[in-house]
Amino acid sequence: MKKIVILISGRGSNMEAIVRAQIPGASIAAVISNKPAASGLAFARESGLVAEAIDHTAFATREAFDAALSAAIDRHAPDLVVLAGFMRVLGDDFVRRYEGRLINIHPSLLPSFPGLHTHRKAIESGAKLHGATVHFVTPTLDCGPIVAQAAVAVRPDDTEASLAARVLEQEHVIYPQAVRWFVEDRLVVEGNRVTVRDAALPDGGWIVPLAGA
Ligand code: GAR
């Protein structure tokens, strides 16, 4: 059984999608938020999961918060740490500690639009395709090896909100899928490239076909 700790900061819909997927061979050891008021914690508790908050505002430095967070994570001895809308930048030491077992979902087709406000940036750029990316986390923000991506069309009448909603729908597809692949030991990382061993899907299994056009 692979143990998973999920980190959230807010609504936690990606966490919820992963929990609801009931991935065989995986157990959710804990859900941890850096914000005590994160609404996702309520879903986690209602689902009978261990749900904790470590308020980042209670710490004087990033290093102190990272140390408290990793102590809380390590109590569960996880095989995988999943960032699901976790909106704190983590320090290099933290990232290195979990390298190879720390994944994130980012709401753009990386390497386009790292950072914040991705949907606005996609619309303003005139891009016709936008989407979401699951990637291993490395010290450089939003830059690690890409595990899975899903694309959606950018419609002429899209607003940030309408585009975000269609991307989020795809996030809920690719994130549980990527976690499943990790749990099944099927992800092979070579440099910046990830392949999925014995992928049943076309394209090596790591691109979800254009959706929501
Ligand atoms: C998701 O869209 C996720 O991709 C994004 O925050 C949202 C969280 O939603 N993450 C980032 O922007 C990370 N830089 P959720 O709390 O409902 O899963």
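This chain uses plain numbering: 1 for the first residue, then up along the sequence. Counting starts at 1 for both ligands and their atoms, following the listed order.
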>> Using a plain distance cutoff, I'd like to know if Asn14 has any nitrogen or oxygen under 3.5 Å from a nitrogen or oxygen of ligand 1.
In response: yes
> Which protein non-hydrogen atom lies closest to atom 14 (N) of ligand 1, naming both residue and atom, and how far is it?
Replying inline: His106 ND1, 3.9 Å
> Under a 4.0 Å N-O cut-off, is there an ion pair linking Arg97 with Asp66?
Replying inline: no
> What do we get for Met15 next to ligand 1 when only non-hydrogen atoms under 4.0 Å count, side chain, backbone, both or neither?
Replying inline: neither
> So is Glu16 close enough to ligand 1, meaning a heavy atom under 4.0 angstrom away?
Replying inline: no
> Counting heavy atoms only, which of Gly10, Gly85, Ala84 is nearest atom 8 (C) of ligand 1?
Replying inline: Gly85
> With distance as the sole test, does Gln149 use its side chain to make a donor-acceptor pair with the main-chain N or O of Leu110 at under 3.5 Å?
Replying inline: yes
> Quick check: does Arg11 get an N/O under 3.5 Å from an N/O on ligand 1?
Replying inline: yes
> What's the verdict on side-chain contact (heavy atoms from CB on, under 4.5 Å) for Ile146 and Asn192, showing C-alpha distance, side-chain angles and the deciding distance?
Replying inline: CA-CA 7 Å; Ile146 291 172; Asn192 220 29; over 6 Å; no
> Looking only at side chains, do His106 and His135 share a donor and an acceptor under 3.5 Å apart?
Replying inline: no
> Under 4.0 Å from any heavy atom of Glu171, which atoms of ligand 1 are there?
Replying inline: 1 (C), 2 (O), 3 (C), 4 (O)
>> Classify the ring geometry of Phe65 against Phe86: parallel below 30°, tilted from 30° to 60°, perpendicular beyond 60°.
In response: parallel
> Should Tyr175 and Phe182 be counted in the same cluster of Ile, Leu, Val, Met, Phe, Trp and Tyr side chains packed under 4.5 Å apart?
Replying inline: yes
> So Lys2 and Asp185, side-chain contact (heavy atoms from CB on, under 4.5 Å) or not? Walk me through it.
Replying inline: CA-CA 10 Å; Lys2 292 237 173 30; Asp185 284 323; 3.2 Å; yes
> Any idea which protein heavy atom is nearest atom 13 (C) of ligand 1, and the distance to it?
Replying inline: Met87 SD, 3.7 Å
> Can you check whether Gly12 has an N/O within less than 3.5 Å of an N/O in ligand 1?
Replying inline: yes
> Can you tell which of Asn34, Leu7, Leu69 makes a side-chain contact (heavy atoms from CB on, under 4.5 Å) with Ile54?
Replying inline: Leu69
> Tell me, which protein residue and heavy-atom name are nearest atom 12 (O) of ligand 1, and how many Å apart are they?
Replying inline: Pro107 CD, 3.4 Å
>> Starting from atom 15 (P) of ligand 1, what is the nearest protein heavy atom, named by residue and atom, and what distance separates them?
In response: Ser13 N, 3.4 Å
>> As an exercise, identify every atom of ligand 1 less than 4.0 angstrom from a heavy atom of Ile105.
In response: 4 (O), 10 (N), 13 (C)
